[in-house]
Every structure is written in structure tokens, then in C-alpha cells.
Amino acid sequence: MAKAKSKPPKLYGWSARGVKGNPIVQTYLPLLSSYGGKFANDDWSPGFAGPAGVAALERLFSFIPYMPAGVAEFDTDQETQVMLEGKCTALTEYTGLVHRVDDPSSSKVVGKIDMAATPKQETSGPAIGTFICGIASGAKNTQGAVQFLEWFTSSKVQTNFARQGGSAAVTNSALHDPQAVKKYRWLPAIADAVNNSVPKPRSPDEPKMEDILGTQLNEALVEAIGAKGGYTQIAQKHLTSAANQITSYLKQQGGYF
Amino acid sequence: MAEHEEQRERGLSRREVITRGAVGAGGVLGLSPLLAACGSSSKTSAAANTSKAGGSITIGSFQDNAMAPFRDVFIKRFTAETGIKVNYNETNYDSWYQNSKNDGLNKTGAYDIYVMDDNWVPEFAAGKIIQNLDDIGYKVNPDILPKGLDQGYWPPKTGPRLKEFASASPALYAVVIIDDVEIL
């Protein structure tokens, strides 16, 4: 569709976060999951430097002719601004964007954007990153805190939360509430995306793993933009480098292998 | 910034927090503190906590537009329905990560609830910065989407695990309040 519909620079087919680090990792992970790859295998070996990971990165490179020229420096603000100005046909982004697409103060595409779970090659696999609450170990009112969390995550309150501006509620009933969905069409897509989501590896060292992968992904994107070809070799080189660096780092940290 | 400089800048490293949580205050690294951090069933914290619901709670968070309805509407609604006053503070992401971590590590008690990014859960749970929700009687709403709920478990239910937590039973340490997921 990006190729069929886009007319750069007036209308791009795709916008993405390409700046190094977490942003480009977030761009890459749904593609990686869709090709059947993983950030980390169950034995902590990187799951992105094989054929699935390379194919996923090549897919991102294939969008280069249809993406804005500065995409390698884009973070969320730049990526979403292209869409809100009506200058791109699609992107993947976290649920925070949904509140802006129909806000006339910042969007020129009110009512024109729809949402879905991220696409699949073999399987859909959006990355998930929730806002989450813990009760402090030194809390002065633990039971009050428990009461608040039970109240806020109750089906009744979550339904009201969804009805209040289309917030990304956490219950199935809220995300399919007819009254909320009628006004905020993206809610079932959020449920679908959560149900198909792929969590990142759970470790205190995961942010560093993202830094390493995100640096290599950005370098690969910059190189691919300049080269205009040779995508397979570019992808393999940088993904292999990231995999080796992450493995070395985890060995240094200990507790993984 | 070099990693060691970043550690000095940010206080204890993430790895040091887990080790310290496993050791406990003044203790020696051993198996039982690790198991305690892993969520083996222990009602000690719940039984010892004699504070009753009522009074007030303090919630801290990082600034984010997605928190606006929570902050501006639902906190007030909770107070109206229960009589429990809610103090709410927010600051930028990096500052809040450090403030909440320090508050939890030192058990300062400045906050009752931390709103967190879910990638903080491994460090905060294993480092005993947050409490085991199973142990203190939090009742899970079965209507919560399972994959959102799973983000609050430590060690994780699926995927790779740190070796020291390989055989531990996952316990719920944090509960999802906003489903932030990538969509097309």
C-alpha cells in the first residue's frame, strides 16, 4: 500500500521512529515478531540475527523510498507529526497517539485514521509496554493502596476510563464497551494488539540491550538510506554486530548463561 | 556518558539493586532471601501490616499525557467514593525513576503507590522496592487482559529468566493500569 498510495514528499507511505536507541527498536520489534524472530531466545541468545531478523530489517529498508528523508532522526514527535499533518498513510506507534488523531487542535486528519493490531508476515506481534503500579515496600498505607488498585482495575471503573476520552483501559469489557467504542473506534484494536503482543525480555539489563540493538539498527538504516541497495548485507552486518555485543555484555553481567 | 559514570549519577545500578534486595538489610547473600524476593508464598508482610484502609495514600508518577484522566478525574472519584484522600505527585521520567527507587530501597515511606514503566518491574520486584501483591491480598480482576497483567509478574511467566530465578514461582508485583501497546 505504501508504494501504491504514496506520493513523496506530499504523501509518504510510512513514517517511523528511526533515531538510535529505544525508538528504532520499537519500530523494529513488531516487524521482527511478525517474521517469527525474537529479541531474546529462552536461553538469552539473541533471536534477531538470523533469517527472520534480517528479513524484518530488510522490510523496514524496503519502506525507505516511501518514508520522509529525515526518518533516521525521527522520534515520536516527528514520526506522528507527519501523520497528523495528513502526510503519511500509516505508521506503528504506542496507544498514546490515539488521543491526538481526532484532536482538531493538533490533527488535520480528524476522523480519517483507523487502527489495528500490527500486521503479520507469519504472526502479528506488537511490542507491549504498560503503565503499571506497584505498592511501595515502605508504604504507610498498604491496605489503602490495595483498595485503590482494586478499585481502579475493576471492570466498572475501567469502563468509565475507556469512556473518558478513549483511554487504553486494561479490561476486556471496557475495550469492547459499545458506548465507548462508538465514540472511540480504536479501543477494540488496543485489545487485539494486547492479546497478540510480545513482551520484551524481563531483566534489569534489558534497557542496555535496547541501547546496543538500537544503535546498530540506526546505523544500518543510515547506511541503507545512503546505499539504496545491498539491504541484506547491511542488515546482516549490523544485526550480527548487535547480537555479538549483547551476548558479550550479558556474559560480563553474569547470571544469564 | 560512560556506564560507570551513569551509575554514580543514578545511584545503585540495576544489578546492584537486585543483589541488595536478595541480601536484605545487613544480611548475607543466601538462598532464602532470594526465594523471598522470588515470590515464594509468605504472608508475613500482609500479617504484619496492621494499617487499615482509610486516611490517605500518596501516588507518584512520571509525567505523561496518558496519565491525565487518571490524575484529573479518577483520583478525585476514588476519594469521593471511599473517603480516602489521594496525594498525587509527578515529575519527569528520569527523576521519578530515581526518586521511586530511592524511596523503595530506603523504605522512606514518602509514597504508597509508584506508577512505573513496566520495564522497571524486574529491578523493583527483585530488589524488594515494591511489595508482592499476592502476599498483601490484592485481588486480581479476571477481566484484565492476561498479557497486560503478565507484565507485572516477577520472575516472568514466559520467556528467558535470570539463572538465579530459574525455578522460582512467578508472583504479581505490579498491576497494569494503562495498556500501552503498539498499534498500526
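Letters A, B, ... are given to chains in the order of the sequence lines, protein chains preceding strands, and every chain is numbered from 1.
Among the candidates A/Gly138, A/Gly129, A/Ala169, the residue making the largest number of heavy-atom pairs closer than 4.5 Å to chain B is A/Gly129. Counting heavy-atom pairs closer than 4.5 Å to chain B, the top-ranked of the candidates A/Ser173, A/Pro201, A/Pro199 is A/Ser173. Ranked by heavy-atom pairs shorter than 4.5 Å toward chain B, the options A/Thr153, A/Leu250, A/Val146 are led by A/Thr153. Considering only heavy-atom pairs separated by less than 4.5 Å from chain A, the leading option among B/Gly109, B/Ala68, B/Ser100, B/Pro156 is B/Gly109. When B/Phe78, B/Tyr138, B/Tyr111 are compared by the number of non-hydrogen pairs under 4.5 Å with chain A, B/Phe78 comes out ahead. Residue with the most contacts toward chain A among B/Val86, B/Asp103, B/Ile113, B/Val115: B/Ile113 (heavy-atom pairs, distance under 4.5 Å).
Residue B/Asn65 places its CG atom among 12 or fewer non-hydrogen atoms of other residues, nucleotides or ligands, all under 6.0 Å distant. Around NZ of A/Lys251, the count of heavy atoms belonging to other residues, nucleotides or ligands within 6.0 Å does not exceed 12. For A/Lys20, the NZ atom sits in a loose shell: 12 or fewer heavy atoms of surrounding residues, nucleotides or ligands are nearer than 6.0 Å.
For the pair A/Thr130 (side chain) and B/Val176 (backbone), a donor-acceptor distance under 3.5 Å is absent. Between the side chain of A/Thr171 and the backbone N or O of B/Asp143, no donor-acceptor pair lies under 3.5 Å. With B/Glu123 contributing its side chain and A/Pro204 its backbone, the two residues share no donor-acceptor pair below 3.5 Å. The backbone N or O of B/Ser56 sits less than 3.5 Å from a side-chain atom of A/Asn141, completing a donor-acceptor pair. Using modelled atom types, no side-chain atom of B/Asn119 and backbone atom of A/Glu206 make a donor-acceptor pair closer than 3.5 Å. The main-chain N or O of B/Leu145 is never found under 3.5 Å from a side-chain atom of A/Asn172 such that the two would form a donor-acceptor pair. Using a distance-only test at 3.5 Å, with no hydrogens or angles considered, no donor-acceptor pair links the side chain of B/Lys163 to the main chain of A/Tyr256.
Proximity of B/Ile57 to A/Gln147: side-chain heavy atoms (C-beta onward) are nowhere separated by under 4.5 Å.
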*Take B/Gln151 and A/Arg202 through the side-chain contact (heavy atoms from CB on, under 4.5 Å) test and state the conclusion after the steps.*
CA-CA 9 Å; B/Gln151 296 295 95; A/Arg202 308 299 272 171; 3.7 Å; yes
*Between B/Leu133 and A/Ile135, is a side-chain contact (heavy atoms from CB on, under 4.5 Å) present by the stated rule, with each step listed?*
CA-CA 8 Å; B/Leu133 295 180; A/Ile135 296 179; 3.8 Å; yes
*Kindly determine whether B/Ile144 and A/Gln158 satisfy side-chain contact (heavy atoms from CB on, under 4.5 Å), including the steps that lead there.*
CA-CA 9 Å; B/Ile144 296 175; A/Gln158 282 297 302; over 6 Å; no
*Going through the checks in order, is the ring-ring contact (aromatic ring centres under 6.0 Å, His included) test met by A/Phe152 and B/Phe70?*
CA-CA 9 Å; A/Phe152 188 72; B/Phe70 180 97; 5.0 Å; yes
*Could you please spell out the steps behind the side-chain contact (heavy atoms from CB on, under 4.5 Å) verdict for A/Ser203 and B/Leu162?*
CA-CA 7 Å; A/Ser203 160; B/Leu162 293 174; 4.3 Å; yes
*Assess whether side chain to side chain donor-acceptor pair (under 3.5 Å) is satisfied between B/Asp112 and A/Thr142, documenting all intermediate values.*
CA-CA 7 Å; B/Asp112 297 289; A/Thr142 294; 5.9 Å; no
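Once rounded to the nearest 0.5 Å, the distance linking CG of B/Asp118 with SG of A/Cys133 reads 12.0 Å. Here the straight-line distance linking atom CD1 of A/Ile190 with atom CG of B/Asp180 works out to 8.5 Å at 0.5 Å rounding. Separating the CG atom in A/Leu175 from the CG atom in B/Asp179 is a distance of 6.5 Å, to the nearest 0.5 Å. For the atom pair A/Glu150 CD and B/Asn141 CG, the distance stands at 9.5 Å (nearest 0.5 Å).
The heavy-atom pair separating B/Gly148 from A/Val194 by the smallest distance is N-CG1, 3.9 Å. Taking every heavy atom of both residues into account, B/Val73 and A/Gln164 meet most closely at CG2-NE2, 3.7 Å.
Of the two parts of B/Arg77, the backbone and the side chain both hold a non-hydrogen atom closer than 4.5 Å to a non-hydrogen atom of chain A. For chain A, no part of B/Leu172 is nearby; none of its heavy atoms comes within less than 4.5 Å. Proximity to chain A (any heavy atom under 4.5 Å) is restricted, for B/Asp64, to the side chain, taken from C-beta onward. Of the two parts of A/Ser167, only the side chain, counted from C-beta on, holds a non-hydrogen atom closer than 4.5 Å to a non-hydrogen atom of chain B.
Listed by sequence position, A/Ala40, A/Asn41, A/Asp42, A/Trp44 are the residues of residues 40-48 of chain A in contact with chain B, using a 4.5 angstrom heavy-atom cutoff.
Counted by atom type alone, A/Ser137 and B/Tyr114 present zero donor-acceptor pairs between their side chains at under 3.5 Å.
Taking the six-membered ring for Trp, A/Phe161 and B/Phe74 have ring centres closer than 6.0 Å.
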